[in-house]
Asker: 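The structure that follows is given in the form of structure tokens.
Only a predicted model underlies this, so the values are computations on that prediction, with no experimental measurement involved.
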Amino acid sequence: MKNPPLDVTAAGRISAAGNVNLRDVVFVTVNASHIAPSPDGPLMLDWEVAPVVATWDLVAGELKVMFPMSVYIDALKDGDQALKTRVAEVSVVFRLDYQISATGYEGWDEDLEHFVGVCGYLHAWPYFRSEVQGLTNKLGFPPLVLPIVVSGEAATRVSVRSATELREAARPPAPKLGAKKSPVKKLRKNQPKGA
């Protein structure tokens, strides 16, 4: 797993090479929910974007990246930080599909995770901003307009892991050589037929 800060220059090398192109942005899930009732009276909204853990995989010449993004929304009664109440959450999981035309430059393997994190965040962010603005309005709040993000900021918000890393972590451990056999099999072997 590659943790922040990611290397913007390494991400830029893949981007500048022009051999990885964003082909599709898929909304896998979209969720907007009230967490608590809003305080009465005039409100100001405050927000916090959750850290992102992007997961990528190379499949038949395509780079597929799962990008879960969430924002937590707080209401400030009369603008007072002491009277802050978490009132809503908006979450969107994106799948970014990139077409890869070539991987032939030196350093590709080292730069790929930086590209996934930095460029993936920059590619998903405008879609996320749009969803947050529309969904906060649908939740009955003033539309929340998130700021524009630049690459240096994106590099500090994302951790990146490969799908291979996840599969290996989820695989059950291999049996140890020379380990004793399961007593269950021994019992079955010694049972009379028909039992």
Asker: Which atom names give the shortest non-hydrogen contact between A155 and V8, and what distance separates them?
Answerer: CB-CG2, 3.7 Å
Asker: Let me see the working for R95 and V65 under side-chain contact (heavy atoms from CB on, under 4.5 Å), right down to the final yes or no.
Answerer: CA-CA 5 Å; R95 190 186 76 224; V65 184; over 6 Å; no
Asker: Are V93 and V116 joined in one hydrophobic group, where the rule is that I, L, V, M, F, W and Y side chains link up if heavy atoms are under 4.5 Å apart?
Answerer: no
Asker: Side-chain contact, heavy-atom cut-off 4.5 Å: N3 with M1?
Answerer: yes
Asker: Which heavy atom of L45 sits nearest a heavy atom of A75, and at what distance?
Answerer: CD2-CA, 4.4 Å
Asker: Working to the nearest 0.5 Å, report the span between CD1 of I100 and CG of L112.
Answerer: 6.5 Å
Asker: Under the side-chain contact (heavy atoms from CB on, under 4.5 Å) test against Y98, which residue among I14, D24, L63 passes?
Answerer: L63
Asker: Give a yes or no on whether V52 and V150 share a hydrophobic cluster (residues Ile, Leu, Val, Met, Phe, Trp, Tyr; joining criterion: side-chain heavy atoms under 4.5 Å apart).
Answerer: no
Asker: Rounded to the nearest 0.5 Å, how far apart are CG of L22 and CG of L122?
Answerer: 11.5 Å
Asker: List the steps, then state whether side-chain contact (heavy atoms from CB on, under 4.5 Å) holds for T85 with D74.
Answerer: CA-CA 5 Å; T85 305; D74 299 320; over 6 Å; no
Asker: Side-chain contact test, heavy atoms from C-beta onward, threshold under 4.5 Å: evaluate it for K64 versus W56 and give yes or no.
Answerer: no
Asker: For residues V25 and V132: do they belong to one hydrophobic cluster (side chain heavy atoms under 4.5 Å, members Ile, Leu, Val, Met, Phe, Trp, Tyr)?
Answerer: yes
Asker: Can you get from V149 to V118 by hopping between Ile, Leu, Val, Met, Phe, Trp and Tyr side chains that sit under 4.5 Å apart?
Answerer: yes
Asker: Quick one, E48 with R86, criterion side-chain contact (heavy atoms from CB on, under 4.5 Å). Give me CA distance, side-chain angles, the key distance, then yes/no.
Answerer: CA-CA 10 Å; E48 174 188 352; R86 177 131 312 153; 3.3 Å; yes
Asker: Using the side-chain contact (heavy atoms from CB on, under 4.5 Å) rule, take V87 and I35 through it: C-alpha gap first, then chi angles, then the decisive distance, then the call.
Answerer: CA-CA 5 Å; V87 292; I35 294 173; 6.0 Å; no
Asker: So do L6 and V160 actually touch side chain to side chain, heavy atoms under 4.5 Å?
Answerer: yes
Asker: Check whether S130 reaches the backbone of Y127 with its side chain - one donor and one acceptor, N or O, closer than 3.5 Å.
Answerer: no
Asker: May I ask you to test the P4-S159 pair for a side-chain heavy-atom distance under 4.5 Å?
Answerer: yes
Asker: Decide yes or no for N31 and E89: does some side-chain heavy atom of the first lie under 4.5 Å from some side-chain heavy atom of the second?
Answerer: no
Asker: Taking C-beta and beyond as the side chain, do E168 and T164 meet within less than 4.5 Å on heavy atoms?
Answerer: yes
Asker: Hydrogens and angles aside, do Y121 and R157 bring a side-chain donor and acceptor to less than 3.5 Å of each other?
Answerer: yes
Asker: Under a 4.0 Å N-O cut-off, is there an ion pair linking R167 with D57?
Answerer: yes
Asker: So does K138 pair up with E131, basic N to acidic O under 4.0 Å?
Answerer: no
Asker: I'd like to know whether the aromatic ring centres of H34 and F141 sit less than 6.0 Å apart in this structure.
Answerer: yes
Asker: Does one side chain, of E153 or S151, offer a donor that lies under 3.5 Å from an acceptor on the other?
Answerer: no
Asker: Rounded to the nearest 0.5 Å, what separation is found between the CG atom of L96 and the NE2 atom of H123?
Answerer: 8.0 Å
Asker: Kindly compute the distance separating CG (N21) from CD (E62), expressed to the nearest 0.5 Å.
Answerer: 11.5 Å
Asker: I'd like to know if the side chain of S101 pairs up with that of N19 as donor and acceptor (distance under 3.5 Å, no hydrogens or angles considered).
Answerer: no
Asker: Calculate, to the nearest 0.5 Å, the distance between atoms OG1 and CG belonging to T9 and D111 respectively.
Answerer: 9.5 Å
Asker: Using the salt bridge (charged side-chain N to carboxylate O under 4.0 Å, His left out) rule, take K2 and E165 through it: C-alpha gap first, then chi angles, then the decisive distance, then the call.
Answerer: CA-CA 11 Å; K2 187 78 70 185; E165 198 178 326; over 6 Å; no
Asker: Between atom OH of Y72 and atom OG of S91, what is the distance when rounded to the nearest 0.5 Å?
Answerer: 6.0 Å
Asker: Looking at every non-hydrogen atom in both residues, tell me the closest pair between H114 and D7 and how far apart they are.
Answerer: ND1-N, 2.9 Å
Asker: Taking the side chain as every heavy atom from C-beta outward, state whether R161 and V53 have any pair of such atoms under 4.5 Å apart.
Answerer: yes
Asker: Side-chain contact, heavy-atom cut-off 4.5 Å: L146 with W125?
Answerer: yes
Asker: Which atom pair, heavy atoms only, marks the closest approach of E113 to S162?
Answerer: OE2-N, 4.0 Å
Asker: Which atom names give the shortest non-hydrogen contact between P142 and T136, and what distance separates them?
Answerer: O-OG1, 3.8 Å
Asker: Indicate yes or no for a side-chain donor-acceptor contact from T55 to the backbone of A163 under 3.5 Å, with no hydrogens or angles considered.
Answerer: no
Asker: Are the aromatic ring centres of F67 and F128 under 6.0 angstrom apart?
Answerer: no
Asker: Please check if M66 and F27 belong to a single hydrophobic cluster, counting links between Ile, Leu, Val, Met, Phe, Trp and Tyr side chain heavy atoms closer than 4.5 Å.
Answerer: no
